[in-house]
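Proteins come first, then strands; the chains are lettered A, B, ... in the order of their sequence lines, and each starts at number 1.
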Protein chains: 2
Amino acid sequence: MEGPVAPLSDGGARKRVTIEDMAQALGLTKSTVSRAMNGYPDISEATRLRVTRMAEKMSYRPLSHAQAIKTGRTRSLGLVLQLSDHDAQRPFLAEFLAGLSEGASAEGWTLTVAASDSHAAMIDTFRALLRDGKADGFVLPRAMSDDPRVRLLRAEGVPFVLFGRHKNAEGCAWFDVLGEEAMRDAVRHLAGLGHRRIGFINGGMKYMYAPLRAEGFAAGMREAGLEIDAGLMRQDAMTLQDGAAAAEAILDHPAPPTAIVCAVDFAALGVYRAAEARGLAIGRDLSVTGYDGIPEGLHAQPPLTTFAVDNRAAGAALSTLLIRRIRGESPDALRQTTRATFIDRGSTGPA
Amino acid sequence: MEGPVAPLSDGGARKRVTIEDMAQALGLTKSTVSRAMNGYPDISEATRLRVTRMAEKMSYRPLSHAQAIKTGRTRSLGLVLQLSDHDAQRPFLAEFLAGLSEGASAEGWTLTVAASDSHAAMIDTFRALLRDGKADGFVLPRAMSDDPRVRLLRAEGVPFVLFGRHKNAEGCAWFDVLGEEAMRDAVRHLAGLGHRRIGFINGGMKYMYAPLRAEGFAAGMREAGLEIDAGLMRQDAMTLQDGAAAAEAILDHPAPPTAIVCAVDFAALGVYRAAEARGLAIGRDLSVTGYDGIPEGLHAQPPLTTFAVDNRAAGAALSTLLIRRIRGESPDALRQTTRATFIDRGSTGPA
DNA sequence: TTGGAAACCGAAACCGGTTTCGGCAAGAGA
DNA sequence: TCTCTTGCCGAAACCGGTTTCGGTTTCCAA
């Protein structure tokens, strides 16, 4: 039923190869082996080579928790999820985790995940993980403008890397997707289709990305020579419901827009609903753009024109950056950005 | 901008309290302290009490990786995500992780997460985690009928716990939600509304849950004295698209059903789409029930009648079970099930 | 009173590494 | 030729725990 079963446990047969085994095989002492593997300068290049070769051959890898007892570092990255945050990050979580795990395991690191409901609990979670040496550094998703996590980790001198930029760059490494560029491109795209009154529905203002995207939208409007009407702008819309409500308000404007740029895909789908309720056909009577690239957008009617974020790549980049940070590189050298990719589907059309 | 910053790092000031500190404070040796904390029989009840009290007072907790070097156990649970699996588990992932983390940290354990694309890579991932002692046991989501993970872990003698039941119970601990009961209740509910021709759209047959739910559906039909028509049944529908396709096929039947029971919410939403395309009003012309309790169901038009699974509770239960399993309890005592809760919304109506 | 078994704790080895320190040999400068 | 470095490695201490092994006391029965 379960197929043939391998030899059965190990029975103490095949044991892990230790540094002592290495030393024995090489005719050296374990201290020499250790220093060779850790790049100490008082080891000749010749023996270092012998050691690394032998390590390869015997497939020796130091036990991370054995070294941790002396070094304090476990070769593991920490991730603390905040649950009260709206489902915004949910759809991407799997890809994001995959990326993180990928980047970590490429260097022989692992990922330790914890979750907490409240902000206070989250700080305690960080403390507990640090206290027990369960993580050598942290990935902080969703950078916020006043971020308690950043305060804590800075104060404790613990390495971290943000997903999202931060005002106060001091000591901050980060990876981010240039959402403002996407917003600008969205406006440009719509303006190119002849739209002149364009609305904007932004995401949660407590996050760093929101002001940036607003800025990008504004820049796009200026470049296109279009007037920015505050009556056509809403914010803090991160769910479909929020988006629908925002769209209702905007469409109630005496001079409603012919297109709406959304900072979040879910909000864009909310616009679909509001439009439907008014008998407006998306892509014909009302153009909409989103941002994120959620799968639901692809299967909406019509499919949502949006900017896709590669969350897996982001995760991989973040873990790589964090590892480098933990290894001591300066945070100033550890800031990367990328762009979202425009996906022109069916939700935009000529004005 | 960031607020006042605490003392700065620790500067070596406050250090972790070690077992030696405990020994000193108690006038004992560290060996005694250790044995007291680990429940050795050669420690008097009096000193054990003194030790545990002092541990509480000094908030002493042994460093998990320090003990790991001797015991081999790290107090961490492993979770390996399979990415190629369709997005089925995605929406629940956050809650599921939260539950796992919750259950783990309640006992002072942590969660190590890894991801892999292919089946082969997944096995390697398990091996790597085991080899480096990064996990003492594993949570296996989505039990499959012939599960390579189970084979591997059984062979290696590594503790694990399944989310989902397994045919061959030997050595298997598990937690599961009784999907078959939900399917039966769904049929009963529909039969009570007067439906006599009821279709069934099942999920992925490679998973253990699918045959069970089919069985539950069949049982419900028998109990209601209704005829089971194979022409009204489809399987392997785990996405909205799959569900729509299955519904199309079923509705093409010369004697189409007036209700369809779905084993997966996403498939039920696919039924919505198929019905819409034919001008059938859900809840009036065609009744539909789902299973899972995804948020999209709540906001569908009309809201989806379904059975909600508490994935957070499931996660918490699983980690608790796994910890007990790792501590040596027999798997036979570690099998729990619960029921999904029926949520009667708007997608069912009288025949 | 004595001998033996429990009961209980200390001493020391060990786990798998890292890091400090000291010493030997070869090479360089005088 | 003799010292002084330098280069290179071994010896040993250490990290924070666990576990084995003895060695005292105390209790109890003989």
J.: Side chain of B/S44, base of C/dA7: donor and acceptor closer than 3.5 Å?
T.: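 No pair found.
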J.: Grab the CE-P distance between A/M22 and C/dT18 for me, whole Å please.
T.: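 My rounded result for the distance is 11 Å.
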J.: What is the distance, to the nearest angstrom, from the CG atom on A/L26 to the C1' atom on D/dC9?
T.: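 In whole Å, D/dC9 C1' lies 13 Å from A/L26 CG.
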J.: Kindly say whether, by distance alone, the side chain of B/R35 makes a donor-acceptor pair under 3.5 Å with the base of C/dG10?
T.: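 Answer is yes: a donor-acceptor pair is held.
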J.: Atom CZ of B/R48 and atom P of C/dA7: how far apart are they, to the nearest Å?
T.: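 To the nearest whole Å, that distance equals 13 Å.
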J.: With heavy atoms under 4.0 Å as the rule, sort A/T18 into base, sugar-phosphate or nothing.
T.: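 Sugar-phosphate, no base atom in range.
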J.: Between C/dG17, D/dG16, D/dG10, which nucleotide has the shortest distance from any of its atoms to the side chain of A/L28?
T.: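 So the nucleotide nearest the side chain must be D/dG10.
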J.: Let me know, please, whether A/N38 or B/T29 comes out on the 5' side of the other along DNA chain C by nearest nucleotide.
T.: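 Upstream on the strand: B/T29.
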J.: Nearest-Å distance, NZ (A/K30) to P (C/dT19)?
T.: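 Interatomic distance, NZ of A/K30 to P of C/dT19: 13 Å.
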J.: When you match B/I43 and A/Y40 each to their closest nucleotide on DNA chain C, which lands nearer the 5' end?
T.: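 Mapping each residue to its closest nucleotide by heavy atoms, the 5'-most match is B/I43.
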J.: Do A/K70 and C/dG17 have a side chain to base donor-acceptor pair shorter than 3.5 Å?
T.: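 Between C/dG17 and A/K70, which were checked side chain against base, a qualifying N/O pair under 3.5 Å is absent.
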J.: So, does B/R154 use its side chain to make a donor-acceptor pair with the main chain of B/G171 at under 3.5 Å?
T.: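 Not confirmed, B/R154 side chain does not pair with B/G171 backbone.
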J.: Below 4.0 angstrom from OP1 or OP2 of D/dC9, is there any side-chain N or O of A/T47?
T.: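 Yes, within the criterion.
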J.: For A/R61, does the CZ atom sit with more than 12 other heavy atoms under 6.0 Å from it, leaving out its own atoms?
T.: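 Buried by this count: over 12 neighbours within 6.0 Å.
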J.: Nearest to the side chain of B/A66 - D/dC9, C/dT18, D/dG16?
T.: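 Between D/dC9, C/dT18, D/dG16, the one nearest the side chain of B/A66 would be D/dG16.
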J.: Do any N or O atoms from the side chain of A/T74 and from the backbone of A/S76 form a donor-acceptor pair under 3.5 angstrom?
T.: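 Not a single qualifying donor-acceptor pair exists.
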J.: To the nearest Å, give me how far apart CD (A/Q67) and P (C/dT19) are.
T.: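 The answer, rounded to whole Å, is 9 Å.
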J.: Parallel, tilted or perpendicular: which fits the ring planes of B/F138 and B/F126, with parallel below 30° and perpendicular above 60°?
T.: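 Correct class here is perpendicular.
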J.: Atom NE2 of B/H65 and atom P of C/dT18: how far apart are they, to the nearest Å?
T.: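 These atoms are roughly 13 Å apart.
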J.: So B/G27, base contact, sugar-phosphate only, or nothing? Heavy-atom distance under 4.0 Å.
T.: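 The answer is sugar-phosphate, as B/G27 gets under 4.0 Å only of primed atoms, P, OP1 or OP2.
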J.: Atom CZ of B/R73 to atom P of D/dT19: distance rounded to whole Å?
T.: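 B/R73 atom CZ is separated from D/dT19 atom P by 9 Å.
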J.: Examine the base of C/dC8 for any acceptor or donor lying under 3.5 Å from a partner atom in the side chain of B/D42, and report the outcome as yes or no.
T.: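 There is none.
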J.: Starting from the 5' end of DNA chain D, give me the residue, B/V33 or A/T32, whose nearest nucleotide shows up first.
T.: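 Going by which nucleotide is closer to the 5' end, it is A/T32.
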J.: State whether the number of non-hydrogen atoms from other residues, nucleotides or ligands found under 6.0 Å of B/R73 atom CZ is greater than 12.
T.: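 It does not: B/R73 CZ has 12 such atoms or fewer within range.
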J.: Just the rounded figure in Å: distance from C1' of C/dT18 to CD1 of B/I69.
T.: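 Taking CD1 of B/I69 and C1' of C/dT18, I get 11 Å after rounding.
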